[in-house]
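Chain A is the first sequence line, chain B the second, and so forth, proteins listed ahead of strands; every chain is numbered from 1. Computed over heavy atoms, backbone and side chain alike; hydrogens, waters and symmetry mates excluded.
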There are 2 protein chains.
Amino acid sequence: MTRTIKVLLAEDQSMVREALAALLGLEDDIEVVAQVARGDEVLAAARAHAVDVALLDIEMPGATGIEAAAQLHGELPELKLVVLTTFGRPGYLRSAMEAGADAFLVKDAPAAQLAEAVRKVLAGERVIDPTLAAAALAEGANPLTDREREILRAAADGSTNAELAATLHLSQGTVRNYLSTAIQKLAVRNRAEAVRIAREKGWL
Amino acid sequence: MTRTIKVLLAEDQSMVREALAALLGLEDDIEVVAQVARGDEVLAAARAHAVDVALLDIEMPGATGIEAAAQLHGELPELKLVVLTTFGRPGYLRSAMEAGADAFLVKDAPAAQLAEAVRKVLAGERVIDPTLAAAALAEGANPLTDREREILRAAADGSTNAELAATLHLSQGTVRNYLSTAIQKLAVRNRAEAVRIAREKGWL
DNA sequence: ACTACCGCATGACAGATGTCATGGGGGGCG
DNA sequence: CGCCCCCCATGACATCTGTCATGCGGTAGT
């Protein structure tokens, strides 16, 4: 071992974040040198601490871990990126890889894989759950257009067509048309199911 | 200190569970003697290891942490119960307390509160976030009847009235009536919003 | 230039959803 | 016992939602 691996930890739930830090702290060759709770604080922290690996949770306020990964990949290309998430959604894996992630871990994998992944990415390897990789490939790409995604996201809270039309500056008919095409693309029967399926696949 | 506090840890995500175990392992007076990943394995594990405190996540397969708490409270009344959750929903707090919980923690509280809470409940104290307690009181009790909750839960995935009627062995009109009253009680405008609000409040 | 797709819109229609009035059967409580 | 609430149901009505045909302007790819 030449020197310890410096890790940045980004995760919004303090208890989980500090617990993960404790876990990594048990490893001799790993040191958690920075912790942040928001996606939009990741870049600054990474710059300030000269880290080797960034560990990014996806679900965070400010910016998602995937958005943070894309930023880091652009600004600090040397930095290795491990994306960590609760939900093993194939669409998440796909976006994470497109954002430049080197590893993709789900939180219900054994804890030992975390330190493992940190070492592997530093050695230039990629770490991806094979089951998830297969699922991502089997599923194909996101069939929704930008606009359809946007409207589906806005419809997720139960807004009516009138409200959607108002907030998105569209006519009601247009809103219904977009929802209709989204419903057909996802092969479901109403907007509620469409939202659910799109969420599950990580397409929202 | 007489002897170490024996803790049972129930949490479905391995990485989080083992990380929390690592965190508690740093404390001299606390020992994690058992770990389970399912709600329906909690009771057996508690019996097998003579634990002092059970740490229960709410969101688990098999049975929720709240259901597990109720079981433990009935079978092993001496055992202290700490309920841990991602979501600070007032309705969760209420049900947890009714199930006999001694402490209620949200995962975005500082990690130090975890060991803290374990010690306090063993000393006979109750640990509840004051903000959350206030919210729980302000919100009042769940206004939904059993049937309304059941139907709302079934409607959450986007099922149509016809499907709901079939699975619940009701007429379509009855389904609509229940949804209508639920919608009015929650002061919203459609089933999707009703599901969302009921979820947020922990009433589902 | 032609084609294809996207974003946006309108109008018309069928079917789903939400509301309301009404009523029967049951349990609990004063 | 009367009252209230819950569970279940029906029918009628108004509105919302989803579908389809059609059209226009813009942007990309071949």
Side-chain angles (χ1 to χ4, degrees), chain A residues 91 94-95 98 139-204, chain B residues 91 94-95 98 139-204:
Chain A
R94 184 181 292 264
S95 342
E98 283 169 5
E139 175 182 85
N142 187 339
L144 303 173
T145 69
D146 287 353
R147 216 57 179 145
E148 285 159 1
R149 272 212 320 282
E150 193 180 350
I151 287 167
L152 218 50
R153 232 173 316 166
D157 65 354
S159 299
T160 69
N161 285 332
E163 289 166 344
L164 294 176
T167 59
L168 297 168
H169 308 292
L170 293 175
S171 88
Q172 277 198 42
T174 305
V175 169
R176 287 192 290 164
N177 286 342
Y178 281 131
L179 284 172
S180 182
T181 60
I183 286 167
Q184 286 177 294
K185 284 180 179 175
L186 300 175
V188 293
R189 271 204 292 304
N190 55 48
R191 62 184 68 193
E193 269 189 317
V195 167
R196 191 171 59 82
I197 297 297
R199 274 238 181 82
E200 273 174 23
K201 303 230 182 188
W203 287 345
L204 258 194
Chain B
R94 183 180 294 265
S95 343
E98 283 169 6
E139 175 182 86
N142 188 338
L144 303 173
T145 68
D146 286 353
R147 217 58 179 143
E148 284 159 3
R149 271 213 319 283
E150 193 179 351
I151 288 168
L152 218 50
R153 233 173 317 170
D157 66 353
S159 299
T160 68
N161 286 331
E163 289 166 342
L164 294 175
T167 58
L168 298 167
H169 307 293
L170 292 175
S171 89
Q172 276 199 44
T174 305
V175 169
R176 288 193 293 165
N177 285 341
Y178 281 130
L179 284 172
S180 182
T181 61
I183 286 165
Q184 286 178 295
K185 283 180 179 175
L186 300 175
V188 295
R189 272 203 290 303
N190 55 49
R191 61 183 69 192
E193 268 189 317
V195 168
R196 191 171 59 83
I197 297 296
R199 273 237 182 84
E200 273 175 22
K201 303 231 181 189
W203 287 343
L204 258 194

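With rounding to whole Å, A:Ile183 atom CD1 is found 11 Å from D:dT17 atom P. As a whole-Å value, the separation of B:Asn190 CG from D:dG18 P is 10 Å. Rounded to an integer number of Å, the gap from B:Tyr178 OH to C:dT17 C1' is 18 Å. Atom P of nucleotide D:dG18 and atom CG of A:Leu164 are separated by 10 Å, given to the nearest angstrom. In this structure, the CG atom of A:Leu168 is 13 Å from the C1' atom of C:dG7, given to the nearest Å. Taking atom CD of residue B:Glu150 and atom P of nucleotide D:dC6, one finds them 15 Å apart after rounding to whole Å. Going from atom CG of B:Leu170 over to atom P of D:dC6 covers 16 Å, rounded to whole Å. The CD atom of A:Glu148 sits 11 Å away from the C1' atom of C:dC5 (whole-angstrom rounding).
B:Glu200 pairs by the side chain to side chain donor-acceptor pair (under 3.5 Å) definition with B:Arg196, not counting sequence neighbours.
In terms of modelled atom types and a separation under 3.5 Å, the side chain of A:Asn142 and the main chain of A:Trp203 share a donor-acceptor contact. One N or O on the side chain of B:Ser95 and one on the backbone of B:Gly91 form a donor-acceptor pair closer than 3.5 Å.
For D:dC16, the OP1/OP2 oxygens have no side-chain nitrogen or oxygen of A:Asn161 closer than 4.0 Å. Phosphate proximity of C:dC5 to A:Thr145: absent, as no side-chain N or O sits under 4.0 Å from OP1 or OP2. Contact annotation: A:Arg147 does not reach the phosphate of C:dC6 (side-chain N/O to OP1 or OP2, under 4.0 Å). Phosphate proximity of D:dT19 to A:Ser180: present, with a side-chain N or O under 4.0 Å from OP1 or OP2. Considering only side-chain N and O atoms, A:Gln184 lies nowhere under 4.0 angstrom from the phosphate OP1 or OP2 of D:dG18. Phosphate proximity of C:dG18 to B:Arg189: absent, as no side-chain N or O sits under 4.0 Å from OP1 or OP2.
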Would you tabulate the pairs of protein nitrogen or oxygen atoms and nucleotide nitrogen or oxygen atoms of nucleotides 10-13 of chain D closer than 3.5 angstrom?
from	atom 1	to	atom 2	distance (Å)
D:dT10	OP2	B:Ser171	OG	3.2
D:dT10	O4	B:Asn177	ND2	2.8

*Start with the C-alpha gap between A:Glu150 and A:Arg147, add the side-chain angles, then the distance that decides, and say whether salt bridge (Lys or Arg N to Asp or Glu O under 4.0 Å) holds.*
CA-CA 5 Å; A:Glu150 193 180 350; A:Arg147 216 57 179 145; 2.7 Å; yes

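Under a 4.0 Å N-O distance rule, the pair A:Glu163/B:Arg189 qualifies as a salt bridge.
Closest to the A:Leu179 side chain, of the nucleotides D:dG18, C:dA9, C:dT19, is D:dG18. When each of D:dC7, D:dT17, C:dG18 is scored by its nearest atom to the side-chain atoms of A:Arg191, the top-ranked nucleotide is D:dT17.
Contact detail for A:Leu164 and A:Arg191: the closest heavy-atom pair is CD1-NH1, 4.1 Å. Closest approach of A:Ala192 and B:Gly158 over heavy atoms only: CB-CA, 3.7 Å.
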